[in-house]
Amino acid sequence: MSETTHSGPMLAADGTPLKRSLARALRRQKLRALALIAPLLIFVLLTFVMPIADMLSRSVENDIVPDTLPNTVVALENWDPTTGELPGEDVYAAFAVDLVAAVDAKVHTRLGTRLNYENPGISSLFRSTGRDVNKWNLETDGPFKEKFIEADKDWGDIEVWKTLKRYSGHYTSGYFLNAADLENTATGIQLRPEEQRIYATLFIRTMWMSLLITGSCLLLGYPVAWLLANLRASTSNVLMILVLLPFWTSLLVRTSAWKVLLQQQGVINDLLVWVGLVDDANRLVMINNQFGTIIAMTHILLPFMILPLYSVMKTVPPSYLRAAKSLGATNWTAFWRVYFPQSVPGIGAGSILVFILAIGYYITPELVGGTQGVFISNRIAFHISSSLNWGLAAALGTILLAAVLLLYYVYDKIVGIDNVKLG
């Protein structure tokens with residue numbers, strides 16, 4: 001009887017090294033898993049990642065100026081606006097060539113609209129001058145400086161040319177400056193006039209009211225979730241249907257119902273007058289203000305707080321409370337020291353969900369908020385659908401996204417995202 005020792009690598013049944021065979025099997029397993037989730041990854045990429053990337057690019061993109069006025073941009077590089085003098089004839093001549101080409105391509109109005117965001121009035125300037133340049137002969141007419149000023153005296157305004165020079169690059173910080181109530185002037189970046197500062201107020205209002213809505217949802221939703229988790233199954237199921245009932249009703253209908261309830265001639269005011277709590281001549285103003293927005297949005301977002309709380313509370317064994325009481329704890333002590341800490345993950349999940357939903361709402365604040373209860377999302381929707389200033393809308397959206405990520409980071413550092421559970 002003899003013993004042999006094998007000093008080489010261990011082999012699989014097919015004769016290949018075991019380590020290589022295991023790596024190949026693991027690689028095939030990962031590829032199969034990737035193939036299963038590939039449709040979801042592609043869907044998320046196309047519908048979430050790419051739109052966000054496009055939004056980020058629009059907030060700094062400024063190609064329309066250098067692409068439409070390439071000769072003018074080059075000519076303006078040698079002009080020093082700090083001298084207080086208008087550009088020379090070479091700049092006006094280059095601008096004439098570019099503007100004639102832009103009018104032929106029918107893009108001069110788009111350029112005027114873009115620059116009008118930075119200097120109101122330029123849009124009409126481009127539109128009116130565009131009708132005149134069609135009659136010019138670039139080879140024989142001139143000097144073009146006089147012809148432009150003759151066509152419209154505003155071409156003799158140095159501020160117009162300063163605007164063209166400031167925004168002649170392919171990228172701009174102008175949208176973000178506007179979103180922060182700042183402006184880029186010849187003397188540098190400075191605050192806009194006080195009557196034009198609206199976005200900082202809207203951002204602060206959005207964050208503050210979203211926190212209030214989250215807090216009110218927590219105060220109202222916690223007892224309801226506790227009842228759902230501790231009542232017998234038949235009663236709990238009936239209450240759960242009532243919690244889910246708002247999801248079966250249109251958001252617009254629910255918001256409109258609050259307008260009927262909260263208006264000065266509405267149901268709630270009528271009831272308060274009838275019981276004598278409010279004088280008929282001094283009915284409460286509960287609509288078209290922040291109060292109306294908080295009430296309506298709390299009602300709409302309340303189920304999103306109750307459901308995570310319920311799913312976590314359902315996992316807390318009732319025997320824990322009975323054990324605490326058997327050891328001498330009062331009802332309040334048993335709840336606060338034993339039950340509440342175990343429900344904190346549900347509080348975290350519900351609060352994050354409600355807060356993020358709240359800061360993005362714009363339909364409900366638009367209908368019941370008036371001028372004092374609208375959010376920054378209402379302004380973003382306005383720039384996308386009405387003013388068509390997509391660059392500013394993208395900058396506002398980017399700042400809002402950054403604020404949410406910052407709050408998420410702070411929450412993770414203080415509470416810990418690992419403590420957020422859905423049951």
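Heads up: numbering here begins at 1 and tracks the sequence. Everything numeric here is computed off the predicted structure, so don't read it as measured data.
Shortest non-hydrogen contact noted between Ala229 and Tyr339 is CB-OH, 4.5 Å. Residues Arg205 and Gly373 come closest through the heavy atom pair NH1-N, 4.1 Å. Contact record, Phe203 with Ala179: CE1-O, 4.0 Å, taken as the closest heavy-atom pair. Closest approach of Ser343 and Tyr222 over heavy atoms only: OG-OH, 2.7 Å. Between Ala225 and Ile306 the shortest heavy-atom distance is CB-O, 3.9 Å. Smallest separation of non-hydrogen atoms from Pro87 and Tyr92: O-CE1, 3.4 Å.
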| message | If you apply the rule side chain to side chain contact (heavy atoms under 4.5 Å, CB included), what do you find for Thr214 with Met305, and how did you get there? | response | CA-CA 8 Å; Thr214 302; Met305 178 67 75; 4.2 Å; yes
| request: Evaluate the criterion side chain to side chain contact (heavy atoms under 4.5 Å, CB included) for residue pair Leu244 and Leu307; output intermediate values, then yes/no. | output: CA-CA 9 Å; Leu244 298 176; Leu307 294 177; 4.0 Å; yes
| Checking side chain to side chain contact (heavy atoms under 4.5 Å, CB included) for the pair Val133/His108: CA distance, chi angles, key distance, verdict? | CA-CA 11 Å; Val133 297; His108 66 292; over 6 Å; no
| query | Given Ile52 and Leu401, is the side chain to side chain contact (heavy atoms under 4.5 Å, CB included) satisfied, shown in steps? | reply | CA-CA 10 Å; Ile52 290 181; Leu401 175 62; 4.3 Å; yes
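Counted within 6.0 Å of CH2 on Trp274, heavy atoms from surrounding residues, nucleotides or ligands total 12 or fewer; the atom is thus considered open. The local environment of CZ in Arg110 is sparse, with at most 12 non-hydrogen atoms from other residues, nucleotides or ligands closer than 6.0 Å. Arg337 CZ: 12 or fewer foreign heavy atoms inside a 6.0 Å radius. Crowding of Trp79 atom CH2: a count of heavy atoms from other residues, nucleotides or ligands under 6.0 Å exceeding 12.
The distance from the CH2 atom of Trp390 to the OG atom of Ser385 is 10.5 Å, given to the nearest 0.5 Å. Glu159 CD to Arg166 CZ: the interatomic distance, rounded to the nearest 0.5 Å, is 6.5 Å. Interatomic distance, Asp157 CG to Ile149 CD1, rounded to the nearest 0.5 Å: 10.5 Å. Taking CE of Met209 as the start and CG of Leu211 as the end, the distance is 11.0 Å to the nearest 0.5 Å. Taking CD from Gln196 and CG from Leu191, the interatomic distance works out to 11.5 Å, rounded to the nearest 0.5 Å. The structure places CZ of Phe247 at 11.0 Å from CD1 of Ile300, a figure rounded to the nearest 0.5 Å.
Residues Arg192 and Leu177 form no side-chain contact, since every pair of their non-hydrogen atoms from C-beta on lies 4.5 Å or further apart. With a 4.5 Å cut-off on side-chain heavy atoms, Val65 and Leu111 count as touching. Residues Phe126 and Thr109 have side chains not in contact (no heavy-atom distance under 4.5 Å, counting atoms from C-beta outward). Taking the side chain as every heavy atom from C-beta outward, Asp154 and Ile122 never approach each other to under 4.5 Å. No side-chain heavy atom of Gln263 sits less than 4.5 Å from a side-chain heavy atom of Asn269. Side-chain contact between Ile198 and Arg379 is present, with heavy atoms from C-beta onward closer than 4.5 Å. Looking at heavy atoms from C-beta onward, Leu392 lies in side-chain contact with Tyr175 at the 4.5 angstrom threshold. Contact check for Phe375 versus Ser210: side-chain heavy atoms found under the 4.5 Å cut-off.
Formation of a donor-acceptor pair under 3.5 Å by the Asp98 side chain with backbone atoms of Asn71 is found in this model. Of the possible polar contacts, none joining the Thr255 side chain to the Leu252 backbone as a donor-acceptor pair under 3.5 Å is found. Without hydrogens or angle criteria, Lys325 side chain to Ala334 main chain gives no donor-acceptor distance under 3.5 Å. Remark: the backbone N or O of Gln264 is paired with a side-chain donor or acceptor of Arg283 at under 3.5 angstrom. Using modelled atom types, one side-chain atom of Thr206 and one backbone atom of Ile376 make a donor-acceptor pair closer than 3.5 Å. Of the possible polar contacts, one joining the Ser168 side chain to the Lys165 backbone as a donor-acceptor pair under 3.5 Å is found. Not one N or O on the side chain of Asn389 forms a donor-acceptor pair closer than 3.5 Å with the backbone of His383. Listed for the Ser173 side chain is no donor-acceptor partner under 3.5 Å among the backbone atoms of Phe176. The closest donor-acceptor contact from the side chain of Ser236 to the backbone of Leu228 lies under 3.5 Å.
Counting only N and O atoms by type, the side chains of Ser123 and Arg127 include a donor and acceptor under 3.5 Å apart. No hydrogens or angles considered: nothing links the side chains of Asn62 and Thr172 as a donor-acceptor pair under 3.5 Å.
The aromatic rings of Phe95 and Trp161 sit perpendicular, their planes meeting at an angle over 60°, well past the 30° parallel limit. Ring geometry for Trp332 versus Phe335: interplanar angle of 30 to 60°, hence tilted.
A salt bridge is defined here as a Lys NZ or Arg NE, NH1 or NH2 lying under 4.0 Å from an Asp or Glu carboxylate O, and Glu89 with Lys145 fails to meet this definition.
Under the side chain to side chain contact (heavy atoms under 4.5 Å, CB included) test applied with Leu262, the options Val368, Ile268, Leu284, Val285 reduce to a single match, Ile268.
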Report all side-chain donor-acceptor pairs from residues 348-363 shorter than 3.5 Å, counting only partners two or more places apart or in another chain.
{"unit_1": "Ser351", "atom_1": "OG", "unit_2": "Ile347", "atom_2": "O", "d": "2.7"}

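Sorted by first and then second residue, the salt bridge (charged side-chain N to carboxylate O under 4.0 Å, His left out) pairs involving residues 38-65 (not counting sequence neighbours) are Asp54-Arg58.
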